[in-house]
Amino acid sequence: DSLFFLETGRVEIEGGGVELTEGSIFGEMAFFTDSATRTATVRSLETTIVYELDKLRFMRLQFEAPSFGMAIMRTITRRMQANLAQAQPA
């Protein structure tokens, strides 16, 4: 499976009302859980440049640039915190 990095442009996670801009990643849920099933569809809102990172390329990047791995972990942690905040009753 793959992880995706949005270099330029804007995309929307359909049905979630979430818009991602340059520098964002998506596809992390399926990528890190080894799930063959994607939980969302991402649609481009304008011309975009997206890079696909397979597991081998991801591992290589982590080795060559450890700050890359930390940035991914921070992004995932922020998303988990936001999801938890939305799930808790007001």
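Note that the structure is a prediction, hence the values are computed from the model and not measured.
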Shared hydrophobic cluster, L61 / M70 (ILVMFWY, side-chain heavy atoms < 4.5 Å): no
What distance separates [X] [atom1] from [Y] [atom2], expressed to the nearest 0.5 Å?
X   : Y   : atom1 : atom2 : result
I76 : Q81 : CD1   : CD    : 12.5 Å
E52 : D1  : CD    : CG    : 8.5 Å
I72 : I25 : CD1   : CD1   : 4.0 Å
R10 : S24 : CZ    : OG    : 12.0 Å
R43 : E14 : CZ    : CD    : 5.5 Å
T75 : M73 : OG1   : CE    : 10.0 Å

For T48 and S44, indicate whether the former's side chain and the latter's backbone hold a donor-acceptor pair under 3.5 Å. no
Just grab all the ring-ring contact (aromatic ring centres under 6.0 Å, His included) pairs involving residues 39-58, residues at least two apart or on different chains. F31-F58, F32-F58, F58-F68
Salt bridge (charged side-chain N to carboxylate O under 4.0 Å, His left out) partners of residues 65-80, not counting sequence neighbours, each pair once: E28-R79
My understanding is that a hydrophobic cluster links ILVMFWY residues whose side chain heavy atoms are under 4.5 Å apart, including indirect links. Using that, what else belongs to the cluster containing V11? F4, L6, I13, V18, L20, F26, V42, V50
